[in-house]
Amino acid sequence: MRREPSILHVDLDAMFAAVEQRDKVSLRGRPVIVGGVAGRGVVATASYEARAFGARSAMPTAEARRRCPPGTTFLAPRFGAYRRTSEVFMALLAEVSPVVEQVSIDEAYLDLAAGDHDLSAAGVTAVARRLKAAVAEATGGITGSVGAASSKLLAKIGSDLRKPDGLLVVAAGEERTVLHPLPVSRLPGVGPTTEERLRRAQVHTVGQLAAVPLPDLIEWFGQAHGAGLYRLARADDDRAVVTEREAKSVSAEETFDVDVADRGRLTRELDLLAARVGGRLRTAGISGRTVTVKIRHHDFTTITRSLTRDQPTDDPRLLAELARRLLADVDTSAGIRLLGVGMTTLTDFAQDDLFSSSSPAAPDVDAVVAEAAEVAPEPVEPVSAQWRPGQDVRHDDHGPGWVWGSGLGRVTVRFEGPATPPGPVRTFAVDDAKLHPAEPPDWTVPA
DNA sequence: TCTGGGGTCCTAGGACCC
DNA sequence: TCTGGGGTCCTAGGACCC
């Protein structure tokens, strides 16, 4: 924790609704809901006028319609407009400090210690006031709330406590005075589940949380979350303001208006989702190794199925093929409400390079596949095959597949057959671009 | 008309390796 | 042929955030 309140948290107030009210005079001063307006939509942002009637973010739009009076305006989001406003906002922040951490489209941390600023409480207050005025001016009247403190935790809580259009500077040394009276739900990381578990232990405020022994918290919440709560309750937070973070996953999903059971339709949706993910991977210049399919059933139970390749890809067609295979193992006959495709284990080089001319000569993959199918004790159909050069293949290699010989690389073949459970991977070692069969394959897949 | 879409981080078990 | 511990990777699920 620092000795000065040099971390700022800035958050635009009900940004989506505020942009709509800015752009349409007739909406000003009136309840506005922005979010999904179709059957299964939820509220993204409720204007403060709508919040007065109980509308909240993440609430089903249907529920918000019930709560809000006639005359409430329900709008689908205009992300382009929000993005433009966000860019103006972020540009202003960059003028205040070179170290800006954008958290979302409407929220950021600033490290004032990285700029040339008076870091006294009075000095930081002056900076924050000027910033708020500049934001309102540059965005056409969108207001923001600012918290300043010696840590991210208190800066964030400070802006929360004073919104909308507020400012709170927490002087160094005052952190726990501000923090301890608050309900535990104000802490980042305390959602409904954690709040309920704490309530059962008669822990309601952050001050009460600070009195719980560390071993208890770890027992209740696990090592990471438990230790995290222990520290946050003490205002012990030294997280740095970081400007860049690498993406860890890219995904796309869709909730259908009505549950979908039709396999043809699902396959087409899957292809579209894969195309979106692949397109975004390519735009970002990254590839991934792990493909995940997400399915939400009619009762909201959600499952994922994933597979990890040895080589990364950003190819939408391959992505779609792998996703189809994963979906094939899921029973969707009762209809599903959501379908999603994701890519993780991301790397920032293109997979094509791995197969370039510097690699050993590729074997005749078709011949390898044919030979493997030949020795199978039952009719099988190769689904895919991949040549992977430079793999260190050894005789004692074992695992879900098997390997023959040793050599320059492997050909991995995926088969499907009547007696073979779908998807087993068979690996063939290749020496001098030739298959080296050593012993008959065992087609039994371990239970 | 119950519950979006994009993410992050964590846990736990099993396989595998040394 | 009996026993083992640590580390990594993979898979699946869950809590949480904006």
Side-chain angles (χ1 to χ4, degrees), chain A residues 9 11-12 14-16 33-45 56-67 74 76-77 79 82 86 102-108 152 156 159-160 185-197 218 220-229 232 239 242 245-259 273 276-277 280 289-310 326 329-330 337-346 392 394 396-401 425 446-447:
Chain A
H9 179 260
D11 196 344
L12 298 181
M15 185 213 194
F16 294 2
I33 302 282
V34 180
V37 292
R40 287 171 165 171
V42 300
V43 175
T45 306
R56 294 284 180 277
S57 292
M59 171 183 285
T61 302
E63 174 71 17
R65 284 190 201 278
R66 254 175 258 129
R67 291 177 179 241
F74 292 81
F79 286 106
Y82 312 147
S86 177
Q102 182 171 352
V103 178
S104 68
I105 194 166
D106 64 352
E107 192 185 332
K152 280 182 164 182
K156 165 89 170 155
S159 66
D160 277 353
S185 56
R186 287 280 189 168
L187 291 176
V190 176
T193 307
T194 301
E195 186 182 10
E196 172 58 21
R197 180 65 188 84
I218 290 175
W220 298 343
F221 301 111
Q223 177 62 48
H225 194 203
L229 290 174
L232 290 185
R239 290 173 295 163
V242 292
R245 246 180 300 189
E246 286 192 356
K248 299 258 191 322
S249 68
V250 174
S251 66
E253 63 186 51
E254 185 180 2
T255 295
F256 306 118
D257 288 340
V258 177
D259 293 354
L273 293 166
R276 269 155 61 188
V277 172
R280 280 159 51 195
R289 291 196 301 122
T290 305
V291 181
T292 302
V293 166
K294 177 175 171 181
I295 293 103
R296 180 118 75 209
H297 295 293
H298 63 280
D299 64 354
F300 221 75
T301 56
T302 305
I303 65 168
T304 60
R305 292 293 178 265
S306 66
L307 68 85
T308 300
R309 287 161 36 89
D310 284 347
L326 289 166
D329 291 341
V330 179
R337 62 179 288 138
L338 174 146
L339 188 60
V341 173
M343 184 72 98
T344 53
T345 332
L346 303 179
D392 179 22
R394 299 186 312 264
D396 61 353
D397 198 357
H398 51 83
V425 174

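Every chain is numbered from 1, with letters handed out A, B, ... down the list of sequences.
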Indicate, with a heavy-atom threshold strictly under 4.0 Å, whether [X] touches base, sugar-phosphate, or nothing.
X       : result
G189(A) : sugar-phosphate
L187(A) : sugar-phosphate
V43(A)  : nothing
R305(A) : sugar-phosphate
A44(A)  : nothing
R289(A) : sugar-phosphate
R65(A)  : base

Which residues satisfy the salt bridge (charged side-chain N to carboxylate O under 4.0 Å, His left out) test with [X], sequence neighbours excluded?
X       : result
R186(A) : none
E107(A) : K156(A)
D259(A) : R40(A)

Positions of residues 292-304 of chain A (non-hydrogen atom under 4.0 Å from DNA chain C), listed by number: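 Listed by number, they are I303(A), T304(A).
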
Under the side-chain contact (heavy atoms from CB on, under 4.5 Å) test, residues paired with T61(A) that sit two or more places apart: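 If we apply the side-chain contact (heavy atoms from CB on, under 4.5 Å) test to T61(A), skipping adjacent residues, the hits are V43(A), R65(A), F74(A).
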
Where chain A begins and ends its contact with DNA chain C, read 5' to 3' at 4.0 Å from heavy atoms: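 Here the contact window of chain A covers dC10(C) to dC18(C).
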
Which residues pass the side-chain hydrogen bond (donor to acceptor under 3.5 Å, both in side chains) test with [X], not counting sequence neighbours?
X       : result
T344(A) : none
R67(A)  : E63(A)
R305(A) : none
E246(A) : none

Integer angstrom distance from the C1' of dG4(C) to that of dC17(B):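 So the two C1' atoms sit 13 Å from each other.
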
Distance, C1' atom - from dT3(B) to dA15(C), rounded to whole angstrom: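 Taking atom C1' in both dA15(C) and dT3(B), they lie 16 Å apart.
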
With H297(A) via ring pair (Phe, Tyr, Trp, His ring centres under 6.0 Å) - residues at least two apart: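 Not a single residue meets the ring pair (Phe, Tyr, Trp, His ring centres under 6.0 Å) criterion with H297(A).
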
Strand DNA chain C as a dot-bracket string - pairs counted if Watson-Crick or G-U with both distances under 3.5 Å, | where the partner lies in another strand: ....||||||||||||||

Whether Y82(A) and F16(A) hold their rings parallel, tilted or perpendicular, with breakpoints at 30° and 60°: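 It falls in the parallel class, under 30°.
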
Atom pair OG1/CZ of T193(A) and F221(A) - distance to nearest 0.5 Å: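 If I round to the nearest 0.5 Å, the distance is 9.5 Å.
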
First encountered from the 5' end of DNA chain B, between E246(A) and T255(A):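 Comparing both residues, the 5'-ward one is T255(A).
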
Position toward the 5' end of DNA chain B (nearest nucleotide), V42(A) or Q223(A):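 Checking each residue's closest nucleotide, the 5'-ward one belongs to V42(A).
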
